[in-house]
Colleague: 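Provided herewith is a single structure, encoded as structure tokens, for subsequent inquiry.
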Amino acid sequence: MSTDGAGATFQHGACIYDSDRQFLETAVPFLAEGLALGEPALVVTTPANLELISAALGERAGDVDYAESAFFGRRPPQRVAAFFRYWRTRAAAGRGASREHPGGASRVRILAEPIWAGRSAREVAAWTRMESALNVALASTSISMICPYDARTLGGDILADAPCTHPALITRGRSSPSAQYIDPAVFARSRDAGPLADPPADAAAFAFDGDLRALRRFITDRAAEYGLDGDRADMLVLAVSEVGAYLKRQPPGGAAVRTWERPGAIVCDFRQPGGSIADPFLGLRPAELEPGDGDGLWLTNQICDWMEIRSGTDGCAIQLQVPSRHDQEMVAQPGIRYTT
Amino acid sequence: MTSSYAVYDDGVLRITSTTDPPGLAIAGEIDESTYPGLLSALQRGAGGRAEIHFSLGGLKYCDLAGLRAIVCATGADGCEGSFNGRHGGRRSVVLHEVPPQLITVLRIVGWDSTPGLTLDLRGRGVPPRSVGNVQGSAVV
């Protein structure tokens, strides 16, 4: 993979491997070259691959940043945010200054292997969509990213999508353009075609007319009804109010809001007849101090387990989902939802 | 925290000037309807000061844009478009009595490490003493 120049261009390649040796043939030169250039290098992969890399890098291993994939962004939106934050802190702070660019932001290398095993079809679709969306959401960064795909364990569909979601393919450390690469907006729309879950007949309903305080009162009451309290309730209110604020701003404003509980989750559904959301990456670009479109939805996306957007001829819809009171992860490990 | 006079009050958002420490006590709800009031109060309350304290104990709701405005009182990089950019300068901003969900949001968005921003995480009502990166023993 070319790493010429420190310009803000995101480089994103997939490496499909079917042996430890093949994995290391790409991973080790990628990281070692970065370290030699003084570029920050992060490895996000499985514990087994972390050990492989550590052993192969030898004494240089201590200069690499590590994360277990399962704990570096719980959901795709958090994963994007985690990548962005790594770049922000390691490159933009100047600590990653390279020989070519002393004292300034350098390129940052990330080896990023998602977890695919055990995921539902819905989750696989979301992570695949993210792989494609990274090309847009991280476009302003100077990250060079290689995503390893283990052909020994992954299903054919996941492997088949990798060349569609990565503009480059890496074999034995050599990068070549992917002929199958699909424009991320086209790819996202092709994956967003499925309908959202229909609200059940007994869902609680609220006609949102632009009054955000009334919307917050509604969702606060619903949260109490669903047995959510503390952080869970406050964060749900925030997530819902930011969606309301977004829909209010865009014509025709207002929305039909419905909430219901399903096993393990609370769902909140916004339908805006006549509305339209054209940006398939809305809520995925990390919010910064400089305001950007969809920042509020980015926050909603960080808070929720799911935020799905649909837009069609009859209007647009945003559906979000948070854990219900039956979720035990926050009990076992307080803060896990919002800090990993 | 001694309050002196109301800077803004529309029945939903109330902002009062405080003298010890010098700053603003912000209470109520911040969303797009009260955002202009927040901005004008920040302009009047923070303008010309090298250090300002915001007491947020009475803040029931604050959206991301409102939180950004408060953080941007620091004048940190990226805040150029905010009220502070027009009035110039960087300053030290200390947040007191920050509601737990706002601390969570600050962490999610990464603004807790904004240069010039300090979170006073000690018990409510305890006056601040010094400006460090994070005061108190609570874990952010």
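Below, chain A is the first sequence line, B the second, and so on; all start at residue 1.
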Colleague: Considering all heavy atoms of both residues, which atom of B/V105 and which atom of A/M235 are nearest to each other, and what is their separation?
Modeller: CG2-CE, 4.1 Å

Colleague: B/D31 and side-chain hydrogen bond (donor to acceptor under 3.5 Å, both in side chains): which single residue from A/R216, A/R213, A/K248 fits?
Modeller: A/R216

Colleague: Quick one: CG on B/L64 to CG on A/D295, what's the gap to the nearest 0.5 Å?
Modeller: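 B/L64 atom CG to A/D295 atom CG measures 6.0 Å (nearest 0.5 Å).
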
Colleague: Quick one, B/Q101 and A/L238 - any side-chain contact, counting heavy atoms below 4.5 Å?
Modeller: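 When only atoms from C-beta onward are counted, A/L238 and B/Q101 do not touch, as no gap falls below 4.5 Å.
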
Colleague: Rounded to the nearest 0.5 Å, what separation is found between the CG atom of B/L67 and the CG atom of A/L299?
Modeller: 9.0 Å

Colleague: Within a strict 4.5 Å, meaning less than it, do heavy atoms of the B/D77 and A/E290 side chains meet?
Modeller: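 Side chain of B/D77 against side chain of A/E290, heavy atoms only: no contact under 4.5 Å found.
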
Colleague: Which bit of B/V109 comes within less than 4.5 Å of chain A, counting heavy atoms only: side chain, backbone, both or neither?
Modeller: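 For B/V109, backbone and side chain are both near chain A.
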
Colleague: Taking every non-hydrogen pair under 4.5 Å, which of A/E242, A/R249, A/Q302 racks up the most with chain B?
Modeller: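 Heavy-atom pair counts peak at A/E242.
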
Colleague: Under 4.5 Å between any side-chain heavy atoms of A/D234 and B/Y61, yes or no?
Modeller: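 Result no, sub-4.5 Å side-chain heavy-atom pair not found.
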
Colleague: Are side-chain heavy atoms of B/D63 and A/S241 found at a separation under 4.5 Å?
Modeller: no

Colleague: Rounded to the nearest 0.5 Å, what separates atom SG in B/C72 from atom CG in A/L289?
Modeller: 4.5 Å

